[in-house]
Number of protein chains: 2
Amino acid sequence: MEPQQLRTFVTVARLGSFSEAARELGYTQSAVSQQIAALEADLGTAVLHRRPVGPTGAGERLLEHAGALLLRIDAARADIARLAGAPSARLTVGATPLAVGAELGRALAEVRRAYPVVDLTVRVVAQDVLPAEVATGAVDLALVDGPAAPSDPLPLPDVGPLATVAVAEQPLVVALPAGHPLAGRSGLALADLSAAHWLDAPGLAPTAARLSAATGVEGYRPAARYLGTDVRGLLALVAAGHGLALLPATAPAGVPDVAAVPVRAPRLVHRTELVHGALPEGPAALLARLLTGE
Amino acid sequence: MEPQQLRTFVTVARLGSFSEAARELGYTQSAVSQQIAALEADLGTAVLHRRPVGPTGAGERLLEHAGALLLRIDAARADIARLAGAPSARLTVGATPLAVGAELGRALAEVRRAYPVVDLTVRVVAQDVLPAEVATGAVDLALVDGPAAPSDPLPLPDVGPLATVAVAEQPLVVALPAGHPLAGRSGLALADLSAAHWLDAPGLAPTAARLSAATGVEGYRPAARYLGTDVRGLLALVAAGHGLALLPATAPAGVPDVAAVPVRAPRLVHRTELVHGALPEGPAALLARLLTGE
DNA sequence: GATCATTACGAGCCGCGTAATCATT
DNA sequence: AATGATTACGCGGCTCGTAATGATC
């Protein structure tokens with residue numbers, strides 16, 4: 001089970017074709033066919049069926065393992081490179097849309113003051129891939145957020161030895177249209193809203209599935225899905241009555257036609273964590289210190 | 001970065017010797033030396049220093065990745081083999097010491113009734129390695145337990161696509177000597193005991209570190225460590241006043257000289273989860289159904 | 001019959017073992 | 001001096017590409 005074979009396997013599975021995988025990987029058809037044959041001989045089972053080309057049952061399973069494995073290999077490479085390489089004058093910060101706020105802005109300004117020539121990039125992506133981005137070195141550090149029990153760490157995928165530090169916790173609120181019967185409340189229990197329509201915005205806040213896991217309450221089936229990463233768009237849908245959204249208190253603050261009611265039960269907060277690997281002294285380490293308060 | 005190189009690397013690091021690693025792996029010294037050289041050339045850094053032989057900084061880091069990587073490779077192999085192989089008449093159940101109880105006994109009796117000739121083994125090991133045992137097929141399924149917020153999943157290491165189902169939740173109690181001032185209480189808050197002496201029993205209940213993470217409260221520094229896996233031994237130490245222990249309610253029930261007071265705050269329960277991979281029809285699948293109540 | 005996967009075969013490379021060399025205690 | 005890691009070198013096997021074959025739509 002060589003990494004190269006796995007890489008070829010996932011490519012074939014993704015593209016559904018030996019030939020196209022060969023093209024993408026710079027092999028001949030023949031080489032791809034032989035790699036898959038060797039992999040199957042090694043495992044003693046077919047992992048792909050042909051015509052049409054697709055993963056078998058065992059192949060589906062192998063895909064999950066292979067993805068994690070290849071990611072981890074990249075992560076290990078990046079980790080070592082970080083330790084051995086010269087301190088770079090590049091700083092790439094990963095963050096979820098909701099994690100980009102005033103604190104990060106201020107901290108980055110300070111970094112700029114200390115390292116005037118640093119090549120600064122902020123990369124906004126969804127929560128679930130951020131740990132992988134940190135592990136593989138695509139970003140130096142990342143701000144990840146999501147709902148969690150107070151003082152509970154966020155459940156992040158395990159892609160390597162990463163440090164996570166809490167940097168902020170703010171109340172979690174339900175965003176609802178201004179005219180909603182509950183809009184005037186000073187607080188509410190999520191259980192009261194089990195029959196409500198929810199907007200699922202996987203690019204912004206954790207998906208309903210993860211929320212259910214965090215709260216232990218079933219039944220947050222979303223009425224609609226919002227695939228953007230802009231909070232204002234989501235809040236416009238909320239205002240229009242398409243459904244409710246669970247957000248950190250700062251997100252809907254001051255938006256017209258949207259009311260925000262703190263969640264009282266279950267006890268949840270919106271937590272922001274800093275995720276990073278080894279940080280050699282430089283702008284990245286400074287930013288980490290600034291964000292965590294030394 | 002071939003898996004073989006990593007396996008050789010971790011062996012050398014563990015044994016602190018190229019020659020001994022060669023003996024253990026069935027290579028010559030030379031081959032081991034060349035594999036390490038190739039690995040270091042690939043990574044562009046030394047991962048071992050020689051005389052004495054030991055991991056460098058980058059090597060330490062690589063060790064963490066390599067361990068997870070090799071484990072996952074074994075897990076993938078075992079996973080595939082399970083799917084492809086013939087249904088076995090062997091059933092190996094993994095469990096933590098505290099998870100072996102009446103329910104498991106009854107369920108196993110029923111399995112025996114349905115499969116009279118099954119080769120049945122119960123393997124009791126510490127929590128933290130159980131998921132790996134399941135992933136690599138050392139056990140077919142496992143009962144893992146530990147403290148958690150109500151309805152919260154246990155934080156288990158991610159070693160592959162494993163299914164986890166809650167099978168039981170019981171109150172968490174503080175075990176304290178009968179004469180202890182708090183022994184008569186009907187409930188207490190852990191915060192009240194922050195200054196107490198704790199017994200850390202990593203083989204039985206999660207370590208203090210994990211408990212701190214679960215509760216968000218710092219300062220559960222253990223006064224003593226108990227390395228056995230027998231609850232009665234631990235409770236004897238509690239009775240003798242060496243410290244307190246956090247256990248599920250059933251563990252200290254009826255033990256003389258030990259009082260058990262339920263934990264009221266933070267809201268924690270002792271949760272037992274069934275962990276398993278793909279379960280082809282057979283005794284393992286039956287046991288899983290019995291434990292989860294269909 | 002065209003597309004695409006498999007098989008046959010030869011060439012090059014890689015990784016191992018043997019054996020000699022070098023370094024450290 | 002002896003133990004143990006590295007280097008030199010040749011052999012065997014593995015994997016690739018080319019090319020022919022086979023299968024499926």
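All chains are named by letter (A, B, ...) in the order of the sequence lines, taking the proteins before the strands, and each is independently numbered beginning at 1. What's counted below: heavy atoms across the whole structure, side chains too, no hydrogens, waters or symmetry copies.
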Q) So which one's nearest nucleotide on DNA chain D is more toward 5', A:Glu2 or B:Ser30? A) B:Ser30
Atom pair distance, as rounded to whole Å: [atom1] in [X] and [atom2] in [N]:
| X | N | atom1 | atom2 | value |
| --- | --- | --- | --- | --- |
| B:Arg23 | D:dT3 | CZ | P | 12 Å |
| A:Phe18 | D:dA23 | CZ | P | 16 Å |
| B:Asp42 | C:dC14 | CG | P | 12 Å |
| B:Arg7 | C:dG15 | CZ | P | 17 Å |
| A:Tyr27 | C:dT6 | OH | P | 17 Å |
| A:His49 | D:dC25 | NE2 | P | 12 Å |
| B:Ile36 | D:dG4 | CD1 | C1' | 15 Å |
| A:Gln34 | D:dG13 | CD | C1' | 14 Å |

Q | Side-chain ion pair, A:Glu20 and A:Arg14, N-O less than 4.0 Å | A | no
Q) Looking at B:Arg289 and B:Glu281, does any basic side-chain N land under 4.0 Å from a carboxylate oxygen? A) yes
Q) From the list D:dT18, D:dA5, C:dA5, which nucleotide is the closest neighbour of the side chain of B:Gln29? A) D:dA5
Q) Which listed nucleotide (C:dT18, C:dA5, C:dC16) is nearest to the side chain of B:Gln4? A) C:dC16
Q.
To check you understand the geometry: which heavy-atom pair defines the closest contact between A:Ala38 and A:Gln5, and what is its length?
A. CB-NE2, 3.7 Å
Q. Is there a side-chain polar atom (N or O) of A:Gln35 under 4.0 Å from OP1 or OP2 of D:dC14?
A. no
Q: Would you classify B:Ser19 as touching base, sugar-phosphate or nothing, given that sugar-phosphate means primed atoms plus P, OP1 and OP2, and contacts are heavy atoms under 4.0 Å?
A: sugar-phosphate
Q | Sugar-phosphate, base or nothing in reach of B:Gly26, heavy atoms under 4.0 Å | A | sugar-phosphate
Q: Taking the side chain as every heavy atom from C-beta outward, state whether B:Val125 and B:Leu130 have any pair of such atoms under 4.5 Å apart.
A: yes
Q: Spell out, as yes or no, whether a donor-acceptor pair under 3.5 Å connects the side chain of B:Asp140 to the backbone of B:Thr92.
A: yes
